Amino acid sequence: MGKELERRGSPDPLFARWIGTYASGEFGALVEAVLAATNAMAARVGEPERDAMRRHFLATSRYEWMFWDMGWRQETWPV
């Protein structure tokens with residue numbers, strides 16, 4: 001997502017700065033490190049723990065999708 005946002009750019013300097021962080025090699029390396037740590041942990045635990053990890057991953061993925069979808073549809077905070 002970060003690389004696509006970077007490709008499109010933004011006229012807003014604050015958003016452009018955020019995009020730069022999100023698209024940076026450092027951020028990509030951090031993502032890779034988290035994935036490696038997650039895979040290492042999954043290799044050390046049993047199937048019930050891996051099932052819990054999958055459930056948490058799906059839940060957080062839904063929240064991430066909802067975040068981006070809210071921006072795409074230009075929703076406002078309902079509370």
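Everything numeric here is computed off the predicted structure, so don't read it as measured data.
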* Spacing of Met66 atom CE and Arg73 atom CZ [to the nearest 0.5 Å] ->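 Reported to 0.5 Å precision, the distance equals 9.0 Å.
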
* What distance do Phe15 atom CZ and Tyr22 atom OH have between them, rounded to the nearest 0.5 Å? ->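 One gets 10.0 Å once the value is rounded to the nearest 0.5 Å.
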
Name all residues meeting the side-chain contact (heavy atoms from CB on, under 4.5 Å) criterion together with [X]; count only those two or more places apart in sequence or in a different chain, and write none if there are none.
X: Arg17; result: none
X: Trp77; result: Met70, Val79
X: Asn39; result: none

* **Residues that Glu64 engages under side chain to side chain donor-acceptor pair (under 3.5 Å), provided they are two or more places apart** =>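 Testing Glu64 for side chain to side chain donor-acceptor pair (under 3.5 Å), a comparison that skips the adjacent residues, returns Trp68.
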
* Asked: Are Met1 and Trp72 in one and the same hydrophobic cluster, where Ile, Leu, Val, Met, Phe, Trp and Tyr link if side-chain heavy atoms are under 4.5 Å apart?
  ->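 Cluster IDs for Met1 and Trp72 differ.
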
* Does Met41 share a hydrophobic cluster with Val34, counting links as ILVMFWY side-chain heavy atoms below 4.5 Å and allowing steps through other members? ->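 No, Met41 does not connect to Val34 through the hydrophobic network.
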
At their closest point, which heavy atom of [X] faces which heavy atom of [Y], and how far apart are they?
X: Ala16; Y: Ser10; value: CB-O, 3.9 Å
X: Leu5; Y: Trp18; value: CD1-CZ3, 3.7 Å
X: Lys3; Y: Ala23; value: NZ-O, 2.8 Å
X: Ile19; Y: Gly2; value: CG2-O, 4.2 Å
X: Ala42; Y: Arg50; value: O-NH1, 3.0 Å

Review item, side-chain donor-acceptor pairs of residues 53-60, under 3.5 Å, at least two apart:
| from | atom 1 | to | atom 2 | distance (Å) |
| --- | --- | --- | --- | --- |
| Arg54 | NH1 | Glu47 | OE2 | 3.0 |
| Arg54 | NH1 | Asp51 | OD1 | 2.7 |
| Thr60 | OG1 | His56 | O | 3.1 |
| Thr60 | OG1 | Phe57 | O | 3.0 |

* To do: Sort and list the pairs that fulfil salt bridge (Lys or Arg N to Asp or Glu O under 4.0 Å) and have at least one residue in residues 7-16, not counting sequence neighbours.
  =>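 Output for this query lists Glu4-Arg7, Glu4-Arg8.
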
